[in-house]
Each structure stands twice: as structure tokens, then as C-alpha cells.
Amino acid sequence: MQPDEPTTVDELMDVLPSLSLRYAEVAAADPSTHDESAIAVIIAYQRKNRANLAEGIKPKRGKAASGPSKPIDLVALGLVKSVPTSVAPGLKRRI
Amino acid sequence: MNTTLAVNADSLMEEVRSPFLKGSNVQFAWDSTSLGYLKTCPRLYQYIMIEGYSNKEESIHLRFGIEYHQALQEYDLARAKGMDFDDALHHTITELHSRVWDWEPDRDTKAGGYKNRDSIFSVVVDYIDHFRDDPAKTLILDNGSPAVELSFRFELDWGPIPMQPYMLSGHLDRVVEFQDNLFVMDRKTTTIALGQYYFAQFEPNNQMTIYTLASQVVLDSPVKGVIIDAVQILKETPHRFVRGFTYRTEDQLQEWVDGLQYWFATAETYARENYWPMNDTACDKFGGCMFRGICSKSPQVRQAFLDSNFIKLAPEERWNPLKPR
């Protein structure tokens with residue numbers, strides 16, 4: 001952590017999206033490796049997340065909160081020939 | 001009730017006894033959970049209390065509930081001891097993180113999707129923020145300690161054998177003063193909507209009646225009833241917190257104790273006959289019994305499915321009303 005980085009809950013709430021990444025790091029980290037701001041990061045992230053949800057901003061699906069996710073390339077894996085870019089409203093994409 | 005014992009959990013830390021009479025399946029120490037199993041379905045009671053079966057989803061619900069209750073207990077204690085809001089919150093999340101940082105339930109299960117490390121952090125932070133200026137104040141006991149996570153245990157006037165009276169035990173999350181009355185506060189987590197339908201389940205209700213009865217015995221005070229302190233865990237909107245009230249009159253409490261004699265006698269009969277019949281009208285209750293997939297099989301193959309789909313807990317790991325929290 002750099003000296004000028006935010007450490008309090010209120011300061012941390014203003015630094016999304018880096019807050020999201022820091023939360024993913026500290027939530028799953030051994031507490032013995034924590035720096036002083038780790039718990040403030042958890043609190044700030046949860047408050048920011050609650051504010052986002054109240055405004056209708058939905059969280060990313062899956063395990064986004066546990067770490068950066070990488071989309072699976074189904075074509076490269078040979079599971080499908082191509083991935084459709086859109087589907088008609090009301091229809092589920094079938095692959 | 002001839003004997004009462006009202007103490008904080010620390011003083012119940014003696015060696016944990018079996019809740020069953022030695023060498024039998026006759027249970028003498030009961031709590032709302034085990035009595036609830038018996039009342040719901042004797043076969044459910046058999047699978048959990050007698051045989052010790054459990055499943056993965058159940059363990060997620062149990063772990064989440066334990067962490068939620070412990071975190072809010074630590075917060076309540078910190079506040080009751082005079083710690084300010086921010087420090088108490090920081091302390092609570094520090095302790096919670098030290099317990100759950102490596103908890104990784106399978107998020108592909110329904111239970112794990114709602115109840116996991118991220119959601120326990122969010123629901124605890126949200127609860128504490130939501131009730132920052134809580135109108136319900138923790139009761140301070142005569143010995144100066146806050147009435148938080150109070151374990152209770154008391155003997156009844158009769159028992160399965162002359163030397164062993166029946167016992168009722170349990171844990172009260174919190175006793176509070178609210179609008180000049182005393183209430184037990186019981187915390188609940190759920191994924192279903194917190195409307196009239198949700199709160200209707202607590203009246204009548206085995207657990208809430210035991211808590212009202214126990215609090216009156218333990219505190220020797222006219223506790224009015226229970227405040228259901230419920231949170232609906234949500235993924236795409238903020239969690240919802242709603243409190244509901246349920247009251248019990250003296251006559252209702254006495255009626256419940258009278259009925260208990262019949263329930264215990266019935267449990268003794270099941271134990272002595274070594275047979276716990278299935279109540280097939282209860283299989284769809286509470287979102288569906290976890291053993292429905294077992295009971296729906298032919299009796300000849302049931303054991304094989306039990307062994308492959310469930311884990312059998314060691315006796316010391318099983319639900320035990322005498323185990324302190």
C-alpha cells in the first residue's frame with residue numbers, strides 16, 4: 001500500500017473500481033497478512049455495494065466478488081462452433 | 001418446574017453429556033430444534049437425532065447461521081460495554097473475517113449461492129448499519145452482564161425415569177427492553193419474503209413458546225413474547241430487515257407444557273419400540289424436507305440412498321441440546 005492511498009471507510013468508498021479489486025484480495029486473505037486498512041476495505045465495499053443495489057446497479061454474476069473473472073472461450077475449447085451474439089427476446093440462448 | 005439454571009454460555013462448559021438415557025434412544029434433554037423435528041415428523045427426528053444424518057446444504061445453512069449470530073452477539077457485547085459504533089463494527093468484522101476468510105461453500109448450490117463469505121459480510125454490515133440507533137436496548141442483568149446469547153437449561157417436574165427429570169434447554173439471542181416491556185429477540189435469516197405469511201409461522205410456534213417460557217423462568221420477569229428480528233437475504237437488491245412480534249399468555253404457556261407431556265410420552269414409545277413412523281403430510285413443509293428423496297424410495301433401498309447422499313455424523317458432532325454454543 002502506498003502512503004497516500006485511502007484507508008478509512010469513507011475514503012475507500014470513493015475509489016471504485018479499485019475498491020472492488022482490493023475487496024476480492026482481502027476477503028479471501030489470511031488475516032495474518034492484512035494491512036491496517038483491510039477491514040475498512042470490507043466495510044466500505046459492502047456499503048458501496050448496498051448503495052449500488054439500492055440504485056438498481058446489479059452486481060456481476062458468478063464469482064466476480066471473489067476475484068477478476070475471465071470469460072470462457074467455448075469456441076477455443078471446441079465446445080461450440082460459434083457463439084451467437086444475440087437471441088430473440090423471451091428466448092433462452094441454447095448452446 | 002422444580003429447578004432452573006440461568007447462566008451465560010461460559011459457565012455451561014462442563015463436559016457435554018448425551019441428551020439420551022444411557023444405552024437407550026430415550027431423549028431426556030430437549031430443545032426447540034429436536035422437539036420441532038419430533039413434532040414435524042418422527043422419521044425426520046430419527047434420521048437427525050437418533051442416526052445423525054446431515055447433508056452439505058444443511059451444513060451451509062448451519063454455518064451461516066452460526067456466523068451471523070456470533071457476529072451480532074460480538075457487536076451487541078461491544079456496544080453494551082461502551083464501545084462506539086465505528087469501533088464496534090470494526091471489531092465485529094475483524095472477528096468475523098478471522099473465522100470465514102477461507103470459507104468457500106459451493107456457490108452453485110442454492111444454499112451456497114445465497115449463503116457464503118461475501119453475503120455474510122454484507123448482511124452483518126447491513127444489519128449493524130440498519131440498526132445503528134436500535135430502539136430495542138439490550139437488557140443488563142443483575143450481575144452487570146448484557147443479556148446476549150443467554151444459554152438456559154431447566155428441569156421439568158417429570159421424567160422418563162424417576163432419577164432423571166426431563167430438561168429443556170436452548171439459547172436466547174438477546175433479551176431487550178422495548179417500549180417499557182421485556183422481549184426475547186430472536187434473529188432469523190431467510191431467503192423468502194418478509195410479509196404476513198412469513199411471520200404467521202411464529203404463532204403458534206414451538207420455538208417461540210419455549211423461548212417465552214424459558215425467559216420467564218430464567219429471568220423471573222414478565223417477558224411479553226418474542227421479537228422476530230428477520231433479514232431477507234437478497235442478491236440483486238439490498239437485504240431487507242423486518243421485525244415482527246409474537247406474544248404468549250400464561251394460559252397458552254401452560255397449555256403448551258401440558259401438551260409436552262404427551263409429546264415426550266410419544267417419543268418414549270417410539271424409542272422403546274425402536275420405530276419412528278413417517279409423517280407424510282409434512283414432506284413439503286419449510287421448502288421441502290431434506291429427506292424427501294429418501295422417504296420416497298422403497299424401504300428396501302432407502303439405506304443405500306441415505307449412505308450415498310448423506311453423511312453420518314459422529315455422536316459428538318450431532319445436534320445435542322446440552323452442547324453449549
- Query: In terms of heavy-atom contacts, does CD of B/Gln196 have more than 12 from other residues, nucleotides or ligands at under 6.0 Å?
  - Reply: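 Not more than 12 within 6.0 Å, no.
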
- Note: B/Asp126-A/Arg50 ion pair, threshold 4.0 Å (strictly below): yes

- Message: Strictly below 4.0 Å, N to O, side chains only: are B/Asp229 and B/Arg174 in salt-bridge contact?
- Response: no

- Query: Tell me, side chain or backbone of A/Val9 under 4.5 Å from chain B's heavy atoms, or both, or neither?
  - Reply: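 For A/Val9, there is no contact with chain B at all, as no heavy atom is under 4.5 Å.
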
- Name the member of A/Ala40, A/Ala51, A/Ala54, A/Pro31 that forms the most heavy-atom pairs with chain B at distances under 4.5 Å.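 Of A/Ala40, A/Ala51, A/Ala54, A/Pro31, A/Pro31 has the most heavy-atom pairs under 4.5 Å with chain B.
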
- Item | Output field: ring centroids B/Phe245/B/Phe178 closer than 6.0 Å | yes

- Message: Quick check on the structure: residues of residues 84-98 of chain B within a heavy-atom distance below 4.5 Å of chain A, by number.
- Response: B/Phe85, B/Leu89, B/His90, B/Ile93, B/Thr94, B/His97, B/Ser98

- Query: Taking only residues two or more places apart in sequence or in another chain, which ones pass ring pair (Phe, Tyr, Trp, His ring centres under 6.0 Å) with B/Tyr114?
  - Reply: none

- Can you measure from CH2 (B/Trp319) to OG1 (B/Thr33) and round to the nearest 0.5 angstrom? 4.0 Å

- Item | Cation-pi check, B/Arg243 onto B/Phe131 ring (under 6.0 Å, within 45° of axis) |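 Cation-pi check for B/Arg243 and B/Phe131: passes.
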
